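Read through the structure below, which is laid out as structure tokens, and then see the notes.
The model shown is predicted, which means the values in this text are computed figures rather than measured ones.
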Amino acid sequence: MDTLAEAPNLTLSGVARVLVNAGKLNAKTAEDLAKLAKDKQISFIAAVISAGAVSASDLAHALSTAFSLPLIDLSAVDVPRLPKNVIEPKLAAQYQVAVLGKRGSRLFVAGADPTNQEALERIKFATQLTPEWVVVEHDKLQKLLESTGTSAAEALENIVGGEFEFDVTDEETTPQESQEVTTDVEDAPVVRFLQKMLIDAINLRASDLHFEPYEQNYRVRFRVDGELREITQPPIAIKEKLASRIKVISRLDIAEKRVPQDGRMKLKFGNRAIDFRVSTLPTLFGEKIVIRILDPSSAKLGIEALGYEKEEKERLLKAIERPYGMVLVTGPTGSGKTVSLYTCLNLLNKPGVNISTVEDPAEINLPGINQVNVNDKAGLNFSTALKAFLRQDPDVIMVGEIRDLETADIAIKAAQTGHMVMSTLHTNDAPTTLTRLRNMGVAPFNIASSVILITAQRLARRLCESCKAPAVYPREALLRAGFKDTELDGGWKPYRAVGCANCNNGYKGRVGLYQVMPISEEIQRIILSDGSAMDIAAQAEKEGVRDLRQAGLHKVRLGVTTLEEVISVTNE
């Protein structure tokens with residue numbers, strides 16, 4: 001092994017001297033690498049590691065031992081929690097250092113070269129603190145500096161990628177107003193990022209986009225087939241600009257950040273225009289924004305595409321084709337009630353039929369239908385709009401939701417006086433809807449004489465046809481789920497989700513599970529005698545009405561969805 005004594009004319013840097021003394025390099029190799037570093041204008045450490053002469057780990061251990069300095073593994077450090085803006089990014093990049101922490105007047109600085117006194121002096125001058133070296137591995141420090149040194153704009157450009165054109169309509173804002181409010185938020189990377197998120201969401205068939213600020217990070221999630229998925233984590237520095245951009249194109253007040261706001265925007269995407277409903281909510285670390293995609297094509301799918309079985313479809317069509325009465329659709333938020341109602345309205349939407357709807361808000365624009373938005377500030381609520389409808393010579397009335405006794409009374413009177421009324425309620429199943437109306441204060445004889453059909457629904461994820469595979473369940477598990485002994489002997493096989501490039505964890509799209517319950521004379525008698533939901537459910541079962549679990553199990557038998565999915569969405 002050559003030593004420094006054998007090369008008396010050689011002047012080596014502190015790091016080279018340490019490596020030679022530690023036996024990691026011979027003097028000749030150290031000299032060659034020093035010349036290489038000088039020629040390429042890189043640090044000696046970078047030259048040593050790129051040449052493979054010494055590993056980053058061995059080099060860090062040798063320097064830590066030689067200078068009696070602490071050594072840490074950067075891969076174990078929680079990078080988002082590192083102090084920010086203590087030293088300028090340019091300074092950190094120039095001297096290849098990162099700030100790990102601060103205690104009193106001491107500043108702990110991570111670096112691969114603790115012999116660099118110039119770096120310490122510059123940091124001390126810039127921060128007025130006493131910097132202390134902590135030795136780290138060169139390659140891991142490079143990764144850390146790359147991840148933290150990228151500006152928010154550069155990071156967004158990396159996420160967004162290529163060029164594309166995007167047309168956002170902004171009909172209600174004058175050009176002058178638009179120019180005034182967008183001056184501060186027309187940040188090109190932010191605009192492009194929002195455009196890409198909206199287009200990606202449409203391509204993934206997402207129903208909602210969530211933009212969520214937290215203390216240390218900012219994330220974007222899409223709801224695809226009813227399931228939230230994290231899509232990306234853009235730089236936290238963009239949260240204010242992104243919120244302002246969304247507010248501008250949704251015609252919201254960009255200066256108001258203390259209270260929730262609701263707005264709308266429209267996107268021309270190819271040959272179709274898609275509406276978005278925007279909701280902002282102040283949280284601890286900024287405004288969370290949820291954008292719901294309102295695709296008009298979903299209301300024109302046709303009743304076959306929704307997943308109704310033949311007998312369920314016949315019951316529903318028979319009810320809505322009657323000249324008067326009330327049809328109620330029930331289920332939790334996000335169960336597809338609005339699409340079901342719009343599908344029924346599309347079937348009735350003919351030149352000879354006057355249809356009026358009142359909603360909060362109107363989600364999908366339907367030509368040929370008179371749609372009214374609730375406006376509580378102006379005194380326009382469901383009951384006020386309903387009273388006005390009755391003076392507008394209506395044939396079909398759709399009420400977004402029956403929330404109180406006054407709205408329920410007017411809707412029922414409309415159904416009794418020659419109008420078809422459709423509405424929604426938030427109940428778990430069809431039988432409990434009747435008792436819910438009773439609890440609101442509606443008289444039993446009014447319920448029995450006006451309501452002609454109730455449909456309860458849920459949405460279950462549909463199995464991907466490309467990758468679904470047969471599943472094996474113990475017979476006892478199938479019986480516990482609700483299958484009957486006779487149903488298990490038919491030779492059919494349940495399927496399980498697998499997952500492929502064309503789907504989302506084995507599922508693609510969703511299918512409706514429906515409990516379609518016509519109000520028969522027997523059920524009317526139970527209502528008039530103030531019977532319970534259990535009595536109504538028992539009678540409905542006798543009349544061949546499937547409950548939601550049975551409807552789901554039927555879809556399992558058909559191979560449309562999985563047993564696990566049905567149990568999760570019908571587990572009352």
Quiz item: Where do Ala206 and Val224 come nearest, in terms of heavy atoms and distance?
Solution: CB-CG2, 4.0 Å
Quiz item: Counting N and O atoms only, with roles assigned by atom type, does the side chain of Asn373 sit under 3.5 Å from a partner on the main chain of Ala362, one being a donor and the other an acceptor?
Solution: yes
Quiz item: Does any non-hydrogen side-chain atom of Ile355 lie less than 4.5 Å from one of Leu366?
Solution: no
Quiz prompt | Any donor-acceptor pair under 3.5 Å from Asp275 side chain to Lys266 backbone | solution = no
Quiz item: Got a donor-acceptor contact below 3.5 angstrom from the Lys247 side chain to the Glu256 backbone?
Solution: yes
Quiz prompt | Test item: Phe193 and Arg245 side chains (from C-beta on) under 4.5 Å apart, heavy atoms | solution = no
Self-check item: For Arg475, salt bridge (Lys or Arg N to Asp or Glu O under 4.0 Å) partners two or more places apart
Solution: Asp485, Asp489
Quiz item: Mind checking what makes side chain to side chain donor-acceptor pair (under 3.5 Å) contact with Thr424, not counting sequence neighbours?
Solution: none
Self-check item: Spatial distance of atom CE (Met398) from atom CG (Asn370) [nearest 0.5 Å]
Solution: 12.5 Å
Quiz prompt | Among Ile523, Thr455, Leu453, side chain to side chain contact (heavy atoms under 4.5 Å, CB included) partner for Met517 | solution = Ile523
Quiz item: Pick one: which of Leu267, Asp208, Leu294 meets side chain to side chain contact (heavy atoms under 4.5 Å, CB included) with Phe276?
Solution: Leu267
Exercise. Could you go through the side chain to side chain contact (heavy atoms under 4.5 Å, CB included) check for Gln515 and Thr330 one step at a time?
Key: CA-CA 10 Å; Gln515 179 185 23; Thr330 77; over 6 Å; no
Quiz prompt | Minimum side-chain heavy-atom gap Asp200-Phe222 below 4.5 Å | solution = yes
Practice problem: Apply side chain to side chain donor-acceptor pair (under 3.5 Å) to Ser207 and list each qualifying residue two or more places apart in sequence or on a separate chain. | Solution: none
Practice problem: Go through the steps to decide whether Tyr473 and Glu564 satisfy the test side chain to side chain donor-acceptor pair (under 3.5 Å), and finish with yes or no. | Solution: CA-CA 11 Å; Tyr473 296 102; Glu564 292 85 355; 2.9 Å; yes
Self-check item: Flag side-chain contact, heavy atom, 4.5 Å: Cys344 against Leu316
Solution: yes
Quiz item: Any sub-3.5 Å donor-acceptor pair from Trp492's side-chain atoms to Val556's backbone N or O?
Solution: no
Quiz item: Is any side-chain heavy atom of Gln524 closer than 4.5 Å to a side-chain heavy atom of Ile519?
Solution: yes
Quiz item: Is there a donor-acceptor pair closer than 3.5 Å between any side-chain N or O of Asn381 and the backbone N or O of Asp376?
Solution: no
Quiz item: Is there a side chain to side chain donor-acceptor pair (under 3.5 Å) between Ser532 and Asp535 once you walk through the steps?
Solution: CA-CA 5 Å; Ser532 68; Asp535 298 330; 3.2 Å; yes
Practice problem: Specify the closest pair of heavy atoms between Met265 and Ser250, including all atoms of both residues, with the distance to one decimal. | Solution: SD-OG, 3.7 Å
Show every donor-acceptor pair shorter than 3.5 Å between a side-chain atom in residues 462-471 and any protein atom, with sequence neighbours excluded, or say none if there are none.
residue, atom, partner, partner atom, Å
Glu465, OE1, Lys468, NZ, 3.4
Glu465, OE2, Lys468, NZ, 3.4
Lys468, NZ, Gly559, O, 2.8

Quiz item: Under 6.0 Å from the OH atom of Tyr324, do we count more than 12 heavy atoms belonging to anything else shown?
Solution: no
Exercise. Would you check if the side chain of Thr280 reaches a backbone N or O of Gln261 as a donor-acceptor pair within less than 3.5 Å?
Key: yes
Practice problem: Indicate yes or no for a side-chain donor-acceptor contact from Gln457 to the backbone of Gly331 under 3.5 Å, with no hydrogens or angles considered. | Solution: no
Quiz item: Where do Leu478 and Leu563 land on the side chain to side chain contact (heavy atoms under 4.5 Å, CB included) test, with the steps shown first?
Solution: CA-CA 9 Å; Leu478 295 172; Leu563 184 61; 3.7 Å; yes
Self-check item: side chain to side chain contact (heavy atoms under 4.5 Å, CB included) between Met420 and Ile452, intermediate numbers included
Solution: CA-CA 10 Å; Met420 169 54 64; Ile452 57 174; 3.9 Å; yes
Exercise. Carefully, step by step, assess Arg205 and Asp225 under the rule side chain to side chain contact (heavy atoms under 4.5 Å, CB included).
Key: CA-CA 8 Å; Arg205 310 179 319 280; Asp225 295 338; 3.4 Å; yes
Quiz item: In Å and rounded to the nearest 0.5 Å, what is the CD1 to OG1 distance from Ile454 to Thr433?
Solution: 4.5 Å
Quiz item: Are the side chain of Asn354 and the backbone N or O of Val396 linked by a donor-acceptor pair below 3.5 Å?
Solution: no
Self-check item: Close side-chain approach of Glu287 and Ile246, heavy atoms under 4.5 Å
Solution: no
Quiz item: Just wondering, do Arg258 and Pro282 contact through their side chains at under 4.5 Å, heavy atoms?
Solution: no
Self-check item: Closest heavy-atom pair and its distance - Leu194, Leu242
Solution: CB-CD1, 4.0 Å
Quiz prompt | Residue pairs involving residues 552-562 (criterion salt bridge (charged side-chain N to carboxylate O under 4.0 Å, His left out); sequence neighbours excluded) | solution = Glu309-Lys555
Practice problem: Please list all pairs passing the salt bridge (charged side-chain N to carboxylate O under 4.0 Å, His left out) test where one or both residues lie in residues 331-359, with sequence neighbours left out. | Solution: none
Quiz item: How would you list, by chain and number, every residue that makes a salt bridge (Lys or Arg N to Asp or Glu O under 4.0 Å) with Arg277, sequence neighbours excluded?
Solution: Glu363
Exercise. Looking only at non-hydrogen atoms, find the nearest pair between Thr435 and Ala533 and report the distance.
Key: CG2-N, 3.6 Å
Self-check item: Smallest separation among heavy atoms of Leu459 and Gly336, with atom names
Solution: CD1-N, 3.9 Å
Practice problem: Check each of Asn428, Val566, Asp429 against Arg458 using the side chain to side chain contact (heavy atoms under 4.5 Å, CB included) test, and report the only one that passes. | Solution: Asn428
Quiz item: With a cut-off of 6.0 Å (strictly less than), are more than 12 heavy atoms of other residues, nucleotides or ligands near CD of Glu541?
Solution: no
Exercise. Name all pairs fulfilling the salt bridge (charged side-chain N to carboxylate O under 4.0 Å, His left out) condition that reach into residues 398-427, sequence neighbours left out, sorted by first residue then second.
Key: Asp360-Arg403, Lys387-Glu406, Glu401-Arg403
Quiz item: With distance as the sole test, does Glu565 use its side chain to make a donor-acceptor pair with the main-chain N or O of Thr562 at under 3.5 Å?
Solution: no
Quiz item: Tell me the ring pair (Phe, Tyr, Trp, His ring centres under 6.0 Å) pairs involving residues 503-561, sequence neighbours left out?
Solution: Tyr308-Tyr514
Quiz item: Tell me, which pairs form a ring pair (Phe, Tyr, Trp, His ring centres under 6.0 Å) where one or both residues lie in residues 356-399, sequence neighbours left out?
Solution: none
Quiz prompt | salt bridge (charged side-chain N to carboxylate O under 4.0 Å, His left out) contacts in which one or both residues fall within residues 312-331, not counting sequence neighbours | solution = Glu304-Lys313, Glu312-Arg546
Quiz item: Does a side-chain heavy-atom distance below 4.5 Å link Leu209 with Ile231?
Solution: no
Self-check item: Pairs meeting criterion ring pair (Phe, Tyr, Trp, His ring centres under 6.0 Å) with involvement of residues 412-455, two or more places apart
Solution: none
Exercise. Can you see which heavy atom on Ala481 is nearest to which on Arg549, and at what distance?
Key: O-NH1, 2.8 Å
